[in-house]
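All chains are named by letter (A, B, ...) in the order of the sequence lines, taking the proteins before the strands, and each is independently numbered beginning at 1.
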Protein chains: 2
Amino acid sequence: MPDGIERSLLAAIVEGRLAPGAQLSEAQLAEAFGVSRTLVREALARLQARHVVAVRPRRGWFVARPDSDEAAQVFAARRAVEYGFLATARPFDAEQVARLEAHLAEERDAIAQGDKPRLTYLMGDFHARIVAVAGNEPLTEIMRNLTARTILISLCRQSSDDALASHRDHVRIVGAIAAGDMAEAARLSVEHLDAVEAGLGRDTAPDPLAALRDTLRLDPAPDGAASSFAPSPL
Amino acid sequence: MPDGIERSLLAAIVEGRLAPGAQLSEAQLAEAFGVSRTLVREALARLQARHVVAVRPRRGWFVARPDSDEAAQVFAARRAVEYGFLATARPFDAEQVARLEAHLAEERDAIAQGDKPRLTYLMGDFHARIVAVAGNEPLTEIMRNLTARTILISLCRQSSDDALASHRDHVRIVGAIAAGDMAEAARLSVEHLDAVEAGLGRDTAPDPLAALRDTLRLDPAPDGAASSFAPSPL
DNA sequence: AATGCAGGCCTTGCATGCAAGACTGATTGA
DNA sequence: TCAATCAGTCTTGCATGCAAGGCCTGCATT
């Protein structure tokens, strides 16, 4: 179902080549992919359903910029899904564990080679892959969508993206799964998510007014509300 | 985002007015809704992403008919999500509990009035509403999709749809939540899902060949595999 | 009578055309 | 000098047209 256009766009977004907030012109994409706007629109619509892009009527399509509210909810959702899956899943067999360890090896490689985009993808996909090796397609799809949104969230903030720490967490989770201790794996997953969320900084708004506002110590001026000229506390 | 067409179609499907396997013609829908095929196609595409309809190339759109494999996975996914949500959620406050109890009252009304379609909707939506009152939009969306698929699954099989038993389960779950015992609520939810799944019968295939196959004791002939002419054991 | 075959009808797939909203920049007026 | 307005240009929204593939029916053939 996911055609080439959707995949290309999603890959470009989660690998950071298309920054959050970037505009996506139907006409340009159509020309770039050598198809008509129709197919581009369909791909964009699918990505919209996944909350990866957003459309502003008559204005254009943009890579989504999840606000902190949405970020919190996505993390809460991930906690629920990952914890619930592990807590209710049957223990993995040796082959399933082997596939998870193969993934960990990939992570190691990407770290060793300093392949940043690949690493971003792998770190996020780890959680989806746990569900995938268990063979649950609906949950895998859910996890893939949530991790894509998580990557978008990270890209919007200055995340202290400690890949090594995350990788260590992953190793421990796989360890618990290998030991058949699913409850522990579930506990570790929540802990891991909490750590990642805690490492998230404030909104790094690509808003040209941000610097000015910061300098003048103005409130972020919620749109419409004419920021009631609050003088700096000098 | 969900336009009127998508809503109407989804409502018709989950209320059983559009049976699983029914064909949906773009042209007919376009005329019925008084719009062009474009908008119908977009709505169908969205429903396809939600696994509620499926398209067979150059053949047409059809209301999805989840097979038993998919059914099992959807139930597993629901167990994971609902258990995980309740197990990781903070206790509900009084207002949230009140909203759940209002839902239970709606269920009671529908039962009393024998309003079957409304009841189908309410019974499924109960679980999504638990997440909704907690304010988690991503999870709510996930639950709504999973329950829609669950309804489709029920419609495909002769489900011993004991609404009263389900309602009693719901009452007990809300009771646990009201008591602040989220762990118990989580446990009850899984139990409830197991009961619903257990009440599901075999595929009630609307396949005119089913009777013939049954008579001849042929395997369901997984497409492509020329069923190796197994003579009846006479 | 049964089987192979072709014409036609039905479906979607995709491109294109046209209209309308939203922003930008220049121009005009004070 | 500044502000307001209006034309121009971008964008998407939606309808429509045409092409291509699958299936069904009727016919010819064996």
Side-chain angles (χ1 to χ4, degrees), chain A residues 1-10 12-13 18-65 205-209 221 223-224 226 229, chain B residues 1-9 12-13 18-65 205-209 212 221 223-224 226 229:
Chain A
M1 187 210 312
D3 64 3
I5 299 172
E6 184 180 359
R7 294 172 79 89
S8 294
L9 284 175
L10 185 58
I13 291 171
L18 237 36
Q23 183 162 6
L24 303 165
S25 156
E26 290 182 5
Q28 284 179 18
L29 291 173
E31 194 182 348
F33 285 105
V35 297
S36 78
R37 280 177 50 213
T38 305
L39 293 183
V40 172
R41 271 182 78 79
E42 286 178 5
L44 287 171
R46 280 192 292 269
L47 290 173
Q48 182 187 25
R50 301 169 73 174
H51 299 94
V52 166
V53 306
V55 61
R56 278 155 64 185
R58 308 276 182 194
R59 278 285 294 146
W61 296 86
F62 301 86
V63 179
R65 294 207 319 115
D207 176 358
L209 291 181
D223 31 13
F229 186 72
Chain B
M1 190 212 311
D3 62 3
I5 300 173
E6 185 180 359
R7 296 171 79 91
S8 294
L9 283 175
I13 291 170
L18 237 35
Q23 183 162 3
L24 303 165
S25 157
E26 291 182 4
Q28 285 179 20
L29 291 173
E31 195 183 347
F33 285 107
V35 297
S36 79
R37 278 177 51 217
T38 304
L39 292 183
V40 172
R41 272 182 78 78
E42 286 177 4
L44 286 171
R46 279 192 292 270
L47 290 172
Q48 182 187 25
R50 300 170 72 171
H51 299 95
V52 167
V53 306
V55 61
R56 280 155 62 184
R58 307 271 182 198
R59 279 283 296 146
W61 297 86
F62 299 87
V63 179
R65 295 208 317 114
D207 176 2
L209 290 181
L212 179 60
D223 30 9
F229 183 69

Among D/dA15, C/dA15, C/dA19, find the nucleotide with the atom closest to the side chain of B/S36.
-> D/dA15

For the pair made of CG in A/L29 and C1' in D/dT11, what is the distance, rounded to whole Å?
-> 13 Å

Nearest whole angstrom, please: distance from the P of D/dT11 to the CG of A/L24.
-> 12 Å

Of B/P57 and A/R56, the one whose closest nucleotide on DNA chain C sits nearer the 5' end is B/P57

Rounded to whole angstroms, how far apart are CG on B/D3 and C1' on D/dG13?
-> 13 Å

In whole angstrom, what separates A/Q23's CD from C/dC23's P?
-> 11 Å

Nucleotide of D/dC14, D/dG13, C/dT12 approaching B/S25 most closely (side-chain heavy atoms) | C/dT12

Take the protein atom CZ of B/R37 and the nucleotide atom C1' of D/dC18, then report the distance between them rounded to whole Å.
-> 11 Å

Do B/V40 and B/L9 come close enough that some side-chain heavy atom pair is under 4.5 Å?
-> no

Rounded to whole Å, the CH2-C1' distance (B/W61 to C/dG13) equals 10 Å

CD of A/Q48 versus P of D/dT12: gap in Å, rounded?
-> 13 Å

Any sub-3.5 Å donor-acceptor pair from B/Q23's side-chain atoms to B/V63's backbone N or O?
-> no

Whole-Å distance separating the CD atom of A/E42 from the P atom of D/dT12 | 15 Å

SB check B/R50 B/E6 (cutoff 4.0 Å) = yes

hbond_proxy A/R59 side chain to C/dA22 base (donor-acceptor, 3.5 Å cutoff) = no

Would you call A/E42-B/R46 a salt bridge at under 4.0 Å N-O?
-> no

Using only side-chain N and O atoms of B/R58, determine if any of them is under 4.0 Å from OP1 or OP2 of D/dC23.
-> no

